[in-house]
S.K.: 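Following this message is one structure expressed as structure tokens.
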There are 2 protein chains.
Amino acid sequence: MNTTQRTDQQTSADRRRRELLEAADRVVLRDGPHASMNAIAAEAGITKPILYRHFGDKGGLYAALAVRHTDALLASLRAALDAPAERRQRVESTLDTYLAAIEARPQVYRFLMHPAEGAGTPGDQSEQGFDVGKHSAPLLRRMGEELAQVIEERLDVGPGTQQLARVWGHGIVGMMHAAGDWWLGERPCPREELVRTLADLLWGRLAEAGDKAGGPGF
Amino acid sequence: MNTTQRTDQQTSADRRRRELLEAADRVVLRDGPHASMNAIAAEAGITKPILYRHFGDKGGLYAALAVRHTDALLASLRAALDAPAERRQRVESTLDTYLAAIEARPQVYRFLMHPAEGAGTPGDQSEQGFDVGKHSAPLLRRMGEELAQVIEERLDVGPGTQQLARVWGHGIVGMMHAAGDWWLGERPCPREELVRTLADLLWGRLAEAGDKAGGPGF
DNA sequence: CAATGCATGTTACTTGCGGTAACCCCGAGT
DNA sequence: ACTCGGGGTTACCGCAAGTAACATGCATTG
């Protein structure tokens, strides 16, 4: 019937799509985010137009790829965030999970952080609006929103919690990201130490610290 | 003589370079970071090869442009950080300076945050090493390092201050950046409120907050 | 069984951009 | 008069995104 037919097509198309994504993944992880559509098609054993039929344009393909990895990472972060333990313990665990992930697979990290690639299209009109605010990688956005959600659900900070939760969510995620990026580049200390230091920052040690003698203070 | 000759040439070349940068600035601020070399050359009233003679490649031009703006922004941040006031006041003032800057000229912001553009070069060898850790925009790197410097110079937190200062420097800058980016996109609240909320986060209000009734706590 | 779809795949093209080679022109110095 | 070097141009290469038009295999339908 029509339904089974459609279902068959659907599943077949979906399977194909998944295979293509696997191939794209391999290439991107091997060649970096600037892998060409030709290269990806070759890896998949086919040619360009098929990719375009499935994903519309390069942005579509990359978005699909990114969603896969983002979902996976977010799931493990959520697990760390949901574990039964003290708040400090949970924050550290979440930081550690994120850092362990980007440490274990830096290429995935590199790819996920790569911004939208919005250019390249000849008659590109979408760029004239200057998508300010959409600069950050979607992963960061999503992490920020998720964390905001968690904060808002579980934390009690009087009125204005919602706004505050979102600010903190994005802020904390940004802190984690920037520190992680720097750390990944220089590897100045073991992971646990970084985790502890960041947690200390969130726990207000900046405010408690004393001024160094002689200076104007900080 | 040789010296005056060299000086004349130098200054002339420098003046030209400055003019070209002005033109590039106009175009980039008008068309976004994806402005083509042709467009920039046209705006400057000349043609591509001259740009390449002066800046080597597109990366060179963009780097030169970025340095100009980055220097300017860093100077005003340093001023806010150096003002004579309480620590909290100074932190808020610095945050506000940054946010005011990106609010006033989002296009500059957008350009500065744009990553290195490392691709495009045909025989590109630098990409194979996967410059992980160099993902962040140079501006963020520099801000992180500067802040780390300031923290290390003025704050007293026992042994291991140096490491801690760098972690915090990059972390705080990342927080500021991410929150700013999100805020710029959604404008959910006035600037002062954002500043206060972020400062609260740094002041440990996250640790102090109570759990909401019913949940597993956070 | 032919005939019609229709998804799947290919070749070959266009457009646009980064980057370069080769040539051009004009004013200064000998 | 001549060449020499800085500033400039045209015309090109290579490459990657994206598309049009054509080919093929496998089901359903008259």
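Given the structure is predicted, the values throughout are model-derived calculations rather than measurements. Just the heavy atoms: all of them, side chains too, but no hydrogens, waters or symmetry mates, feed the values below. To find a chain, count down the sequence lines: A is the first, B the second, and so on, and within it residues start at 1.
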S.K.: Between dG19(C) atom P and F55(B) atom CZ, what is the distance in whole Å?
M.R.: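 So the two atoms are 13 Å apart, to the nearest Å.
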
S.K.: Whole Å only: how far is the NE2 atom of H34(B) from the P atom of dA16(D)?
M.R.: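 For the pair H34(B) NE2 and dA16(D) P, the rounded distance is 18 Å.
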
S.K.: So E19(B) and R16(B), salt bridge (charged side-chain N to carboxylate O under 4.0 Å, His left out) or not? Walk me through it.
M.R.: CA-CA 5 Å; E19(B) 291 173 17; R16(B) 200 85 185 91; 2.8 Å; yes

S.K.: How many Å lie between OH on Y62(A) and P on dA16(D), as a whole number?
M.R.: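 Those two atoms, OH and P, are 11 Å apart.
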
S.K.: Hey, is the side chain of R16(A) poking within less than 4.0 Å of OP1 or OP2 on dG9(C), counting only N and O atoms?
M.R.: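 Yes, within the criterion.
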
S.K.: What is the distance, to the nearest angstrom, from the CD atom on E19(B) to the P atom on dG7(D)?
M.R.: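 Distance, rounded to whole Å: 12 Å.
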
S.K.: Figure out the CG/P separation between L61(A) and dG18(D), and round it to whole Å.
M.R.: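 The distance from CG of L61(A) to P of dG18(D) comes to 10 Å, rounded to the nearest Å.
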
S.K.: Take the protein atom CG of L20(A) and the nucleotide atom P of dA7(C), then report the distance between them rounded to whole Å.
M.R.: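 Taking CG of L20(A) and P of dA7(C), I get 16 Å after rounding.
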
S.K.: Starting at atom CG of D57(A), determine the distance to atom P of dA17(D), rounded to an integer number of angstrom.
M.R.: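 Value for this atom pair: 11 Å.
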
S.K.: Enumerate the residues from residues 37-46 of chain A whose closest heavy atom to DNA chain C is under 4.0 Å, giving them by residue number; use none for an empty result.
M.R.: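 Output list: I46(A).
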
S.K.: Identify which nucleotide among dG19(C), dA16(D), dT10(D) has an atom closest to any side-chain atom of Y52(B), counting heavy atoms from C-beta outward.
M.R.: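 Looking only at side-chain atoms, Y52(B) lies closest to dG19(C).
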
S.K.: Picking from dA16(D), dA20(D), dG18(D), which would you name as closest to the side chain of S36(A)?
M.R.: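 Looking only at heavy atoms from C-beta outward on S36(A), the closest nucleotide is dA16(D).
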
S.K.: Could you pull out all residues at least two apart from R187(B) that satisfy side chain to side chain donor-acceptor pair (under 3.5 Å)?
M.R.: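 Expected list: E103(B).
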
S.K.: Test for a donor-acceptor pair under 3.5 Å between the base of dG19(C) and the side chain of K48(B), counting only N and O atoms.
M.R.: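 Check passes, donor-acceptor contact within cut-off.
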
S.K.: Which angle, rounded to 10°, do you find between the first-five-pair axis and the last-five-pair axis of the helix from dC1(C)-dG30(D) to dT30(C)-dA1(D)?
M.R.: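 It works out to 30° between the end axes.
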
S.K.: Could you state the atom-to-atom distance from CG of L51(A) to C1' of dG18(D) in whole Å?
M.R.: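 Taking atom C1' of dG18(D) as the reference, CG of L51(A) is at 12 Å.
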
S.K.: Any ion pair linking R30(B) and D25(B) (charged N to carboxylate O, less than 4.0 Å)?
M.R.: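 Salt bridge between D25(B) and R30(B), a charged N being under 4.0 Å from a carboxylate O: no.
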
S.K.: Checking the side chain of T94(A) only, and the main-chain atoms of R90(A) only, is there a donor and an acceptor separated by less than 3.5 Å?
M.R.: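 Checking the backbone N and O of R90(A) against the side chain of T94(A), a donor-acceptor pair under 3.5 Å is found.
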
S.K.: Tabulate below the donor-acceptor pairs under 3.5 Å that side-chain atoms of residues 193-202 of chain A make, not counting sequence neighbours, or state none.
M.R.:
residue: T197(A); atom: OG1; partner: E193(A); partner atom: O; Å: 2.7
residue: D200(A); atom: OD1; partner: R88(A); partner atom: NH1; Å: 3.2
residue: D200(A); atom: OD1; partner: R88(A); partner atom: NH2; Å: 2.9
residue: D200(A); atom: OD2; partner: R205(A); partner atom: NH1; Å: 2.7

S.K.: Quick check on DNA chain D: between H54(B) and P49(A), whose nearest nucleotide comes earlier from the 5' end?
M.R.: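 Result of the comparison: H54(B).
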
S.K.: Using 4.0 Å as the upper bound for N to carboxylate O, is an ion pair formed by E186(B) and R166(A)?
M.R.: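 Yes, charged N to carboxylate O under 4.0 Å.
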
S.K.: Is T47(A) touching bases, backbone alone, or none of the nucleic acid, heavy atoms closer than 4.0 Å?
M.R.: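 Base contact.
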
S.K.: Closer than 4.0 angstrom, basic N to acidic O: yes or no for R26(B) and D31(B)?
M.R.: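 Answer for the salt bridge query: no.
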
S.K.: If you measure from the Lys or Arg side-chain nitrogens to the Asp or Glu carboxylate oxygens, is any gap between R141(B) and D181(A) under 4.0 Å?
M.R.: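 The answer is yes: the pair qualifies as a salt bridge.
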
S.K.: Residues in side chain to side chain contact (heavy atoms under 4.5 Å, CB included) with M143(B), at least two apart?
M.R.: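 Counting only residues at least two positions away or on another chain, M143(B) forms a side chain to side chain contact (heavy atoms under 4.5 Å, CB included) with L74(B), L77(B), Y98(B), L139(B), L140(B), V173(B), M176(B).
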
S.K.: Would the distance check show the side chain of R110(A) and the main-chain N or O of P33(A) forming a donor-acceptor pair, the cut-off being under 3.5 Å?
M.R.: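 Side chain of R110(A) to backbone of P33(A), a donor-acceptor pair under 3.5 Å: no, none is there.
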
S.K.: When you get a sec, tell me which of dT10(C), dG19(C), dA17(D) is the closest nucleotide to the side chain of K58(A)?
M.R.: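 Of dT10(C), dG19(C), dA17(D), dA17(D) is nearest to the side chain of K58(A).
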
S.K.: Should the pair E22(A)-R68(A) be classified as a salt bridge under the 4.0 Å nitrogen-to-oxygen rule?
M.R.: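 So E22(A) pairs with R68(A) through a salt bridge.
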
S.K.: What N/O pairs connect the protein and nucleotides 23-26 of chain D at under 3.5 Å? Give each pair on its own line.
M.R.:
none

S.K.: Is W183(B) reaching over with its side chain to a backbone N or O of C189(B), donor-acceptor style, under 3.5 angstrom?
M.R.: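 Present.
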
